[in-house]
Each structure stands twice: as structure tokens, then as C-alpha cells.
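Inspection log for the structure reproduced underneath, given as C-alpha cells.
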Amino acid sequence: MTRAMTAQVLYNIAGNPETENNLTYPDADNLLWFTDAVEWAVAKGIVNGDAGRINPDSFADREQIAALVMRFCELYESNQ
């Protein structure tokens, strides 16, 4: 899975919450299929950019996916 795919899965699990459509990473503009998911994940601290880029098309290894899922779980555990 790519980073964008992983963000999309977590975004779907969260119920596709509203976003502001103001993602500012040059490699993820507001016209791509994953924009809302990545914008939401960045805003919630689940996904972090690196050197001004989000790298949505990079493959996520097990360590990265585990980190994203853990951040997602911590976010939703604290909201219960």
C-alpha cells in the first residue's frame, strides 16, 4: 500500500469527516483522489510530511503502516 492508500483506509474508517480543502503539500494537490484523506490525516497528526512533501505515492512499509495505525488508534482512544 502507498501512504495515500493507508490514509484513505483510515479516513474511511473514521467516517470520511469534512475537510477544509487546503492541503499545502506540493505533491498532493486538491484535485487528487486522496486529497481529503491525506488532509484529514495530516490535520489529526496521523501522517507527517517530510521536507515539505507528503510523499503520497511512496510505498508504506510495515513500520510506517504500524505507526499510522497506532496514531489513529491513539487519536480515537482519546476521543472516547
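These values consider heavy atoms only, across backbone and side chains, with no hydrogens, waters or symmetry-generated copies.
- Gln64 places no side-chain N or O within 3.5 Å of a backbone atom of Arg3 that could act as its donor or acceptor partner.
- Asp61 is linked by a side-chain hydrogen bond (donor to acceptor under 3.5 Å, both in side chains) to nothing, counting only residues two or more places apart in sequence or in another chain.
- Thr6 and Ala60 get closest at one heavy-atom pair: OG1-CB, 4.2 Å.
- Atom-to-atom distance recorded for Ile54:CD1 and Thr35:OG1 is 11.5 Å, nearest 0.5 angstrom.
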Asp36 and Asn16: side chain to side chain contact (heavy atoms under 4.5 Å, CB included), yes or no, with the steps?
CA-CA 8 Å; Asp36 287 344; Asn16 301 343; over 6 Å; no
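- Heavy-atom minimum distance, Asp57 versus Phe34: OD1-CE2, 4.5 Å.
- Residues passing the side-chain contact (heavy atoms from CB on, under 4.5 Å) test with Asn48 are Arg71, sequence neighbours excluded.
- Note that the CE atom of Met70 and the CD atom of Glu77 stand 8.0 Å from one another [nearest 0.5 Å].
- Hydrophobic clustering (side-chain heavy atoms under 4.5 Å, transitive across Ile, Leu, Val, Met, Phe, Trp, Tyr) keeps Val38 apart from Phe59.
- The heavy-atom pair separating Tyr11 from Pro17 by the smallest distance is OH-O, 2.8 Å.
- Minimum interatomic distance between Glu39 and Glu20 (heavy atoms only, all atoms of both residues): OE2-N, 3.1 Å.
- Of all heavy-atom pairs between Leu68 and Val47, the closest is CD2-CG2, 3.7 Å.
- Listed here is the closest heavy atom pair of Trp40 and Ala7: CZ3-O, 4.4 Å.
- The structure places OG1 of Thr2 at 10.0 Å from CD of Gln8, a figure rounded to the nearest 0.5 Å.
- Linking Ile, Leu, Val, Met, Phe, Trp and Tyr whenever their side-chain heavy atoms come within less than 4.5 Å puts Val69 and Tyr76 in one cluster.
- Transitive grouping of hydrophobic side chains (ILVMFWY, heavy atoms separated by less than 4.5 Å) brings Phe72 and Met1 into a common cluster.
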